[in-house]
Amino acid sequence: MKLFKCQHCGQLLYFENTLCERCGHALGFDASTLNLLTLETQGDGIFTDVARPHDHYRYCGNAQHEACNWLLPVADGNTFCAACKLNRTIPNLNIPDHAQRWRKVEIAKHRLVYTLLQMGLAITSKTEDEQAGLAFDFLADLHPEQKVMMGHEEGLITINISEADEAKRIRTREKLGEAYRTLLGHFRHEVGHYYWDRLIRDDAQKLTAFRQWFGDESMDYGEALNIYYQNGAPSNWSDNFVSAYASAHPWEDWAETWAHYMHIMDTVETAHAFGMRIDPAAAANRDKLSAEYATDPLLIDDFKDLMDMWLPLTMAVNSLNRSMGQPDLYPFVIAPPVIEKMSFIHRVCKANQQNPHWQTATV
Ligand SMILES: [Zn+2]
Ligand SMILES: [Zn+2]
Ligand SMILES: [Zn+2]
């Protein structure tokens, strides 16, 4: 993610901030410029941007629940912002646990939508296009025997809000033997299925290229998952797949690889925003482990150049995490076939940029 700063006092800000901690100005995110704006209140819920005082905004309808800090122009007739208009079902907010979990779900969802906008991919809500649009159901288990299944079906993504409960999520991660499990990871995986439908499914040429890297997705999906859950992944899965689960079926391989592609694009964008440079003088293979993050990753054409930046970054941040007694930030090794798959995703995404914010956005 890029870096944001207060337009009044220059303080660096997080994407989720609603107030500048230094000068107290209200903040709101403008999805049309991908910028966090510093606001001056005009009363009646109307705000102006201190940098462009003629622009008038109000907060998204979910701001009243402390679940969103995105803005809408006053003239916009919608109640919800570009990220929240995708919500079809939210949990019962009268249950305090559910409200709290939903807020965590929203943090991950807003980061997902930010990166999709930054990548320039079309985001259409099901309220605008029932057939090809995207929608979210954020649901809670009502009975222990009736678990909400997470997944994607024809543009509808279901997230079980119990995944926002850290203790529960860690138990599930350990039970499934996963190296990584986060809400943001769930969103990136499920939206990968959605964009497969949009960008690959109905394009014969892309489908042929997809099969070259990911295999034939026409094999029985339910049967493939049954086999995976019965026998697990092949012992050499890491030679070809980014995760064990990716070996279950070409669709899951695509969604897992897509999620990692988004992890990489977002993390390198952050390294770029911070002007990071890695140069481990002690390393024997110093040239392979050195990198400068001088270029916005979205402007890099060849994904392999991005991978040359990714390895030094993961070595450095994994080492930083270990210094704090934390698990590795990126506990994965990317094999050459996975790089080819990600290169394919990078090419597909670049070819489908609808609204390339990065070409016009000013920081
Ligand atoms: Zn400030
Ligand atoms: Zn919103
Ligand atoms: Zn999946």
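Atoms within each ligand, like the ligands themselves, are counted from 1 in listed order.
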Is the Zn ion (ligand 3) less than 2.8 Å from an N/O/S atom of H152, whether that atom is in the backbone or a side chain? no
Compute the angle centred on the Zn ion (ligand 1) spanning SG of C23 and SG of C6, and express it rounded to 10 degrees. 110°
Salt-bridge criterion met for E128 and K85 (N-O under 4.0 Å): yes
Mark yes when over 12 heavy atoms from residues, nucleotides or ligands other than Y221 sit less than 6.0 Å from its OH; otherwise mark no. yes
I need the Y194 OH to I123 CD1 distance, nearest 0.5 Å. 8.5 Å
Could you give the distance from CZ (F241) to CG (N236), rounded to the nearest 0.5 Å? 8.5 Å
Within less than 2.8 Å of the Zn ion (ligand 1), any N, O or S from H25? no
So the angle subtended at the Zn ion (ligand 2) by C84 atom SG and C60 atom SG, rounded to 10 degrees, is 110°
min-distance N/O/S atom, H193 vs the Zn ion (ligand 3), resolves to NE2
Do any of the N, O or S atoms of E252 sit under 2.8 Å from the Zn ion (ligand 3)? yes
Roughly how far apart are F80 CZ and C68 SG, rounded to 0.5 Å? 9.5 Å
Once the angle between the rings of W258 and Y261 is folded into 0 to 90°, is it parallel (under 30°), tilted (30 to 60°) or perpendicular (over 60°)? tilted
Is the distance from the Zn ion (ligand 2) to the nearest N/O/S atom of H110 under 2.8 Å? no
Tell me which N, O or S atom of H189 sits nearest to the Zn ion (ligand 3). NE2
Let me check your reading of the structure: within less than 2.8 Å of the Zn ion (ligand 1), is there an N/O/S atom from H8? no
With the Zn ion (ligand 2) as the apex, the SG/SG angle for C68 and C81 - to 10°: 110°
Could you tell me whether H263 and Y330 have their ring centroids closer than 6.0 angstrom? no
